[in-house]
There are 8 protein chains.
Amino acid sequence: MSNGWNIEELLQGVAAGRVGIEEATERLRSLPFSESPGLSLDTHRVLRLGLPEVVYGRHKNEAQIRAALEGLVAAHGCALATWVSEAHAAGLLSVFPDGEYDPTSRLFQIGRMPVPAAVKTVAVVCAGTSDLSVAEEAARTVEFAGHHALRVHDVGVAGLHRLLARLDDLKTAQVIIAVAGMEGALPSVLAGLVRPPVIAVPTSVGYGTNLGGLTALMAMLTSCSTGIGVVNVDNGFGAAMLALRIVQGD
Amino acid sequence: MSNGWNIEELLQGVAAGRVGIEEATERLRSLPFSESPGLSLDTHRVLRLGLPEVVYGRHKNEAQIRAALEGLVAAHGCALATWVSEAHAAGLLSVFPDGEYDPTSRLFQIGRMPVPAAVKTVAVVCAGTSDLSVAEEAARTVEFAGHHALRVHDVGVAGLHRLLARLDDLKTAQVIIAVAGMEGALPSVLAGLVRPPVIAVPTSVGYGTNLGGLTALMAMLTSCSTGIGVVNVDNGFGAAMLALRIVQGD
Amino acid sequence: MSNGWNIEELLQGVAAGRVGIEEATERLRSLPFSESPGLSLDTHRVLRLGLPEVVYGRHKNEAQIRAALEGLVAAHGCALATWVSEAHAAGLLSVFPDGEYDPTSRLFQIGRMPVPAAVKTVAVVCAGTSDLSVAEEAARTVEFAGHHALRVHDVGVAGLHRLLARLDDLKTAQVIIAVAGMEGALPSVLAGLVRPPVIAVPTSVGYGTNLGGLTALMAMLTSCSTGIGVVNVDNGFGAAMLALRIVQGD
Amino acid sequence: MSNGWNIEELLQGVAAGRVGIEEATERLRSLPFSESPGLSLDTHRVLRLGLPEVVYGRHKNEAQIRAALEGLVAAHGCALATWVSEAHAAGLLSVFPDGEYDPTSRLFQIGRMPVPAAVKTVAVVCAGTSDLSVAEEAARTVEFAGHHALRVHDVGVAGLHRLLARLDDLKTAQVIIAVAGMEGALPSVLAGLVRPPVIAVPTSVGYGTNLGGLTALMAMLTSCSTGIGVVNVDNGFGAAMLALRIVQGD
Amino acid sequence: MSNGWNIEELLQGVAAGRVGIEEATERLRSLPFSESPGLSLDTHRVLRLGLPEVVYGRHKNEAQIRAALEGLVAAHGCALATWVSEAHAAGLLSVFPDGEYDPTSRLFQIGRMPVPAAVKTVAVVCAGTSDLSVAEEAARTVEFAGHHALRVHDVGVAGLHRLLARLDDLKTAQVIIAVAGMEGALPSVLAGLVRPPVIAVPTSVGYGTNLGGLTALMAMLTSCSTGIGVVNVDNGFGAAMLALRIVQGD
Amino acid sequence: MSNGWNIEELLQGVAAGRVGIEEATERLRSLPFSESPGLSLDTHRVLRLGLPEVVYGRHKNEAQIRAALEGLVAAHGCALATWVSEAHAAGLLSVFPDGEYDPTSRLFQIGRMPVPAAVKTVAVVCAGTSDLSVAEEAARTVEFAGHHALRVHDVGVAGLHRLLARLDDLKTAQVIIAVAGMEGALPSVLAGLVRPPVIAVPTSVGYGTNLGGLTALMAMLTSCSTGIGVVNVDNGFGAAMLALRIVQGD
Amino acid sequence: MSNGWNIEELLQGVAAGRVGIEEATERLRSLPFSESPGLSLDTHRVLRLGLPEVVYGRHKNEAQIRAALEGLVAAHGCALATWVSEAHAAGLLSVFPDGEYDPTSRLFQIGRMPVPAAVKTVAVVCAGTSDLSVAEEAARTVEFAGHHALRVHDVGVAGLHRLLARLDDLKTAQVIIAVAGMEGALPSVLAGLVRPPVIAVPTSVGYGTNLGGLTALMAMLTSCSTGIGVVNVDNGFGAAMLALRIVQGD
Amino acid sequence: MSNGWNIEELLQGVAAGRVGIEEATERLRSLPFSESPGLSLDTHRVLRLGLPEVVYGRHKNEAQIRAALEGLVAAHGCALATWVSEAHAAGLLSVFPDGEYDPTSRLFQIGRMPVPAAVKTVAVVCAGTSDLSVAEEAARTVEFAGHHALRVHDVGVAGLHRLLARLDDLKTAQVIIAVAGMEGALPSVLAGLVRPPVIAVPTSVGYGTNLGGLTALMAMLTSCSTGIGVVNVDNGFGAAMLALRIVQGD
């Protein structure tokens, strides 16, 4: 019982009479979730949350991203990293020859998760080319998990006819991710027109009163429509993770 | 074709040759969604969004709430109003003898929606008695729609053991609504422990740096956990509406 | 030349040689706009800006409002006061028997301005009953100035079909005043659909992330549509004054 | 009826009996604005809003701006792009030899719109050289649409005499665009002196308590003068678009 | 093993061979902190944190406060409640005849904790009579825990001589709680003069740029002195709890 | 040397050889400003700052205000209290029969300070009746100190002619206090026109984007004119105290 | 009367009967401050405000700064420019061989104003080396105008003894400029100790809760001391200009 | 008595009769803390506050940092500088061959303080690699003062099991420094689990609603746990200084 944290060993000790009940009670009282030796953290996360860990590449150097990816590939046979710069991607591609890098979404991925029993459709809707980076981060994360991403672009509320022309498509989705900068009105309009839950992603696109995306964020939260859940500014990845929890929960 | 907005009449005119194709094209170009006569708005909403209209009682006087409830009961056989004061509730109960009023959640309801084919469980989790009003607004709205609300109270992050003791219960829910004031850490902790999507509701409970609930809101949005969708401060009703879209979407 | 500010008298002095050119130059250098005796300030404002002064009733007691109204009626034969409470209105009605008070808009008016040569239409659009007070303040101010106010209510972006059904009406207006609380998306949608200039009025309707109307305000300013001018939160009167400058400028 | 969105074809089907009325009703119910094949979006916008689409160059690379300009020139014979960097402009000039680039306003234009039946005057007023970039963006956009831009520079409220000396000029304008950074007092002073509607453009010029232009913005919105509509910080283009709606609305 | 949460019973089952090791491992994996039957929550808190639970009276009615106090008295022989209104206090005094109520601090207490082995001194410093309520909440909480509160009042930075005259006293304290509204400069000055750790409590005293205490808060956090820890606005109780952790940690 | 703080006694001890130099050095090192016995604090303040202490009545009850006034009258023969409610004033007038209360400024005063050798003029300028309370607080504080307050009211920037008509008067002042709500442009305009230093007082008059006076405050601080010093929102008293330091400094 | 704005010519016309009184009245009514031909703007400013125009170098290129300096030197024999970069200064020094550039304050000056009849002392106080740039901008502007700048550095409130040691020096100043970043407590402490008016300059020195200088700004405005006027963040020049108005006003 | 500030000399003068008591009283009245000649400031600080001065390297050039370090080494035999860039560190290492530079924490140190009589343990807890820089600044400052820093990394609230596994370690610390970005929930959870005082350090890690660390800051201040003192964003050094005051106060 080297490190004292292996529950199984502890129980064996109790069963064998090597460890007193009182002592074991005391140890266990402040020990909640133990890690069995050889069971990696990441696998644990899949069990607990249904989704593997993903490498957040923003504040990491190339070596750190590489090490994290290697660990995940070893455990799951696939891996995903977000916020990977083009410079880092070039280096990673030489290490992971079957890796793929998408410069728009800044995602680097190796393989993808096994196709789920029930493949669902997540619509990713955005207004303009400026929001594409965030929208692609969402769409590709959905696809990494084996689900279908339905892209609906260029449908801002200033040109409502384009949005209305795509309603039938949107009705086929189980969840809608609505990506919008500026005044952030797209989720309000969508949630008033179609039935699926709407995940709203404000973007920092705009200037002045846009306030770095806070205006869109606040507008989405105070929407006159119901059925909208909001994530952080520019957080396409987070929107996809929420969408996956929803479609995988059935 | 009295008001010019009935699509059916217009098409009959086209079919009968009474209306030229060019003229009809022109009229239809700027006419999106028509309202068939005799089809009430509220029914339309059920068709479109799967959920009936709800009376937002905050800025309405008793007569306005009463009229809205009567219209909804006539259309659906049931009705729900939010933000109903105790004074208004007293008057409404004399008009709707089978109405129910819950002072904690400030909800007034008449009947409830038909039990769905598949009843789902929505957990409503909150930290303290101060958040109860918002939590009950969520739980009772879920129940009004015929689903099961699992109440898990008194589980703030300052006393983590109480929360951990309820994990098994929480794992039975399809969606978790996490209501939290002050620093709003509850959804982060929950989303790291269990699998269902988490709808976070910041409350205005607290003072000073609580900033009327904005601190909890911002904290929930910038969570280190993924799988969280956030709604407006104190918006228990909105959280329930999002939860219903999720559980009814299967 | 009693008070030294009458330009005409001063020039007569110069013409008559009573006042030296140097002295007159000096006096005039720092004297911009003189008030001819007997010419009231309010009349001056009509000449300068095309619209008479209006009594801002918010911080005034009943006696102050009454005195201001009497002065305006004496000068113009009509008068308008904003932010008049019901209590003050009761007292004013006993003094001005031909006055009218509208409790929704809190406007008190006596008569109205002469009908303009060209009567124009100003549309006043709003989403819900909660915005009615602000919308009526705008509409009635437009009517006080002799123009036509086209009221289009209950057309929020959560129920887009109702808005789209009124587009033809809106196309008849010279200016559109769009009143919206919550996320304030109405002006964006309108300005993308129809041609007239849109004056956006954010309202303080909502709670939490509504931020007392600032969210709607910021959203309107960062709109993805062009052709929108924004006024202060809840400032229906200000929107009407801008609309009047536009329609009277032709 | 290949894509199902051509209203004309659909009506021909109805007239010919190929499409049932019920089916057509259903299709049209959720189809608002159709796009006839071969009719470009941009032309549609001119019909709907009276002004062609403009290329927002900020987040676009040179190839994207070029493609957009080519499309617009093909449709209208002229085109305008905003926020074009000097580097991009150099490349564009080699493709569009008759293009013009103004480094102050960052506008790139090819030709201009046909001279309107009634040419109007839009005054563009600003305080200092620091606001010139925003002011020129407004003035040149007005000129692109064939109207007259009256430039009135160097008239800040700290040197009121210079402003007052230009009042007669300002009275000849149908609309005044007032560009101001720092405390943003210029529109208040102008709107108190002259009759046309005032479009206020706050600029981000200043530091510290300027708050990136928000102080000027807020000051303009809470002005003690009436008749002012405000646009986003630094949004000279938006101010011009609003001015054009006003002068073209007569 | 009725409720499945008693660790001791579970281990007895393992020891007796009634529960398999695998099953027990599984149960324990998601069970962190168990509650032995009959062990009250509040006692647990004393063990865990060294301080008993305190009743936060702000959002509770008199019956709720009374029930909580009764529970705490039963467990510990003493109890403290914060934010108790004078009205509630009157009722509580009739139930707890040996209770004490201090209207300045709004604290209601029954008895006090046993005198600690080592009584320490906590200085509570404030500038003016306006900060007294917050200062007394801190001082009396310290005294409830059996330590010595040294009150140093009326020593604002605008009259520095009064503060300097008390330095020798302050040097006798183990911790200094500095309560200050307005610009909140007191902790900076104190931490530059004397050696103990300084707990800074901003108060909401002031108006305008005081921003409800946020100005003092921010100033304290950005102090040019080191050795300052800040708590929430007006949170005298929280300051005392931090002070108690410091003095009881030795 | 009873209390150890009397410098004089200490020095007598040194001179007499009763106190060693080392000991005295040590005592004096941490003793900055001593209070001679019998010398009241308030008198000290006059010596130090040239102005007596004033009673800040906002958070004090009638008894506290009364006691403070009695102390000041005893020391100086006159006294001033700010923020005195009408209710408190009634009680104070029965105690101080020669007291004066001004309900507009909420000042209560007993006598006034001796007329200074050189009486100076402080202009107090404001825009509208809504700012009168703050302006009067400034003007009467100036008069309490024996200087001349020149009141210039009703001169907002929306009606510039009225302001320009009073320029000659303003040029006679040593200091100008400019009180302004809404967009707060008055000090900018004044400082561009006349020579004395301008003390700007933002007021909380307005609504919405006025932000409780912060918009005016920020605008005044980011003014394009120089020569302006700003005080807190609504702080007429503080403006007068700064003006007095300026005029008494000669 | 070429441009119609020369008052003198106009009056000569009236005196000679060439211009009718009515016509002249009309012209003068909207003409406030005329510019005599040949009288430069800058000279006008000296007459009006007692201080010459200063070149604000921040948004200007070298050619613009040079032209402005040349104009000012021609009119006054001396000139001052603020916010001049080292690169621009190098170029300017080759044009103005008797120019001086100070890299700390970023001021470029040519000569200085004539020594005033009464030279006054302005103390410039700051806490640390980080605030030196702003402090020097203030001190050198004071010296440019011929007055005495008393520099008192390194006297932050965290080391109060250094500040107290300089009090006698500070008492010799007519005005004190207190420059402070971080929590901005220096002016509060100073204004409580000495008699002259205090001009507070917040600086952007600090990080995090410093909020770019806004924390210091707000703290200075809500000071518990009176007699403080605040200027914009980092605005050392503005502080000097206010100080000059004060000392030149005697 | 050259500079008049040497207390000792002054007292010798009194004792010798060379200085009158009245004169000496007057001088001493405004002289609080004197500096004996030859006694360096830094030594004074150790006496006063128990900790030597530290060089804040952020706004200093290499020469300034070097000079400050030399002074401190001369006085104490050791020295510490914060915020030292890698470039500056390279130069400093050539001057101080026994210096150490840590690029993660940006600390440069020469030697360390003498080992205290009682060495205490300060735990430094953080969530992820992104917070390491701030955590190391805290840990190494603690170690510079001779105490023990217990590093507990990678324990964010999204993976609660890792945190719970380290509780026993944390219970051995006298103080816990909890470093957290994003939603800043770590201190709340810790303070609910263990007994020592918790010093919370918000970091600027995150984006969007993270608001540069303000969200974490506000969340920490409004925590539902008690026993937490908060320092500025990213201020690891400040947290250590507070911890040192606590552990050295016993």
Side-chain angles (χ1 to χ4, degrees), chain E residues 29-30 32-33 45-51 53-54 56 118 120 141 160-161 164-165 167 171 173-176 191-200 202 214 217-218 220-233 235 237-250, chain H residues 29-30 32-33 45-51 53-54 56 118 120 141 160-161 164-165 167 171 173-176 191-200 202 214 217-218 220-233 235 237-250:
Chain E
R29 195 182 299 279
S30 67
F33 287 38
R45 196 176 187 278
V46 171
L47 293 178
R48 209 167 71 245
L49 305 182
L51 293 161
E53 205 171 359
V54 166
Y56 179 51
K120 302 292 177 66
T141 300
L160 212 54
H161 49 295
L164 296 169
L167 284 187
K171 287 172 183 164
Q174 272 74 44
V175 186
I176 297 175
L193 291 170
V194 293
R195 201 167 172 156
V198 175
I199 301 173
L214 289 180
L217 174 79
M218 291 299 181
M220 288 164 172
L221 285 161
T222 191
S223 173
C224 57
S225 299
T226 59
I228 301 173
V230 184
V231 298
N232 195 2
V233 174
N235 192 5
F237 169 71
M241 293 300 274
L242 176 54
L244 291 172
R245 287 208 189 202
I246 293 172
V247 299
Q248 296 186 171
D250 306 342
Chain H
R29 195 183 300 278
S30 68
F33 287 39
R45 196 176 187 278
V46 171
L47 293 178
R48 210 167 71 244
L49 306 182
L51 294 161
E53 204 169 1
V54 167
Y56 178 52
K120 302 293 177 67
T141 299
L160 212 53
H161 50 295
L164 295 170
L167 284 188
K171 288 174 182 162
Q174 272 72 46
V175 186
I176 297 174
L193 292 170
V194 294
R195 199 167 172 157
V198 175
I199 301 174
L214 288 181
L217 173 79
M218 289 300 179
M220 289 163 171
L221 285 161
T222 191
S223 172
C224 56
S225 299
T226 59
I228 301 172
V230 184
V231 300
N232 194 2
V233 174
N235 193 5
F237 169 71
M241 294 299 274
L242 176 54
L244 291 171
R245 288 209 188 202
I246 293 172
V247 300
Q248 295 186 172
D250 306 343

H/Arg195 side chain vs E/Gln248 backbone, donor-acceptor pair below 3.5 Å = no
Do the non-hydrogen side-chain atoms of H/Asn235 and H/Met241 ever get within less than 4.5 Å of each other?
-> no
Note, E/Arg245 side chain near H/Ile176 side chain (heavy atom, < 4.5 Å) = no
Can you say whether H/Met220 sits under 4.5 Å from chain E via the side chain, the backbone, both, or neither, judging by heavy atoms?
-> neither
Who wins among E/Asn232, E/Leu244, E/Val230 for the most heavy-atom pairs under 4.5 Å with chain H?
-> E/Val230
Using a 4.5 Å cut-off on heavy atoms from C-beta on, say whether the side chain of E/Leu221 contacts that of H/Leu221.
-> yes
Chain H heavy atoms under 4.5 Å from E/Ile228: which part of the residue, side chain, backbone, both or neither?
-> backbone
Below 4.5 Å, heavy atoms only, C-beta onward: do E/Leu242 and E/Val175 meet side chain to side chain?
-> no
Pick one of side chain, backbone, both or neither for H/Tyr56, based on which atoms fall under 4.5 Å of a heavy atom in chain E.
-> neither
Closest-packed option against chain E by number of heavy-atom pairs under 4.5 Å, given H/Ala118, H/Ala240, H/Pro196, H/Gly238 | H/Pro196
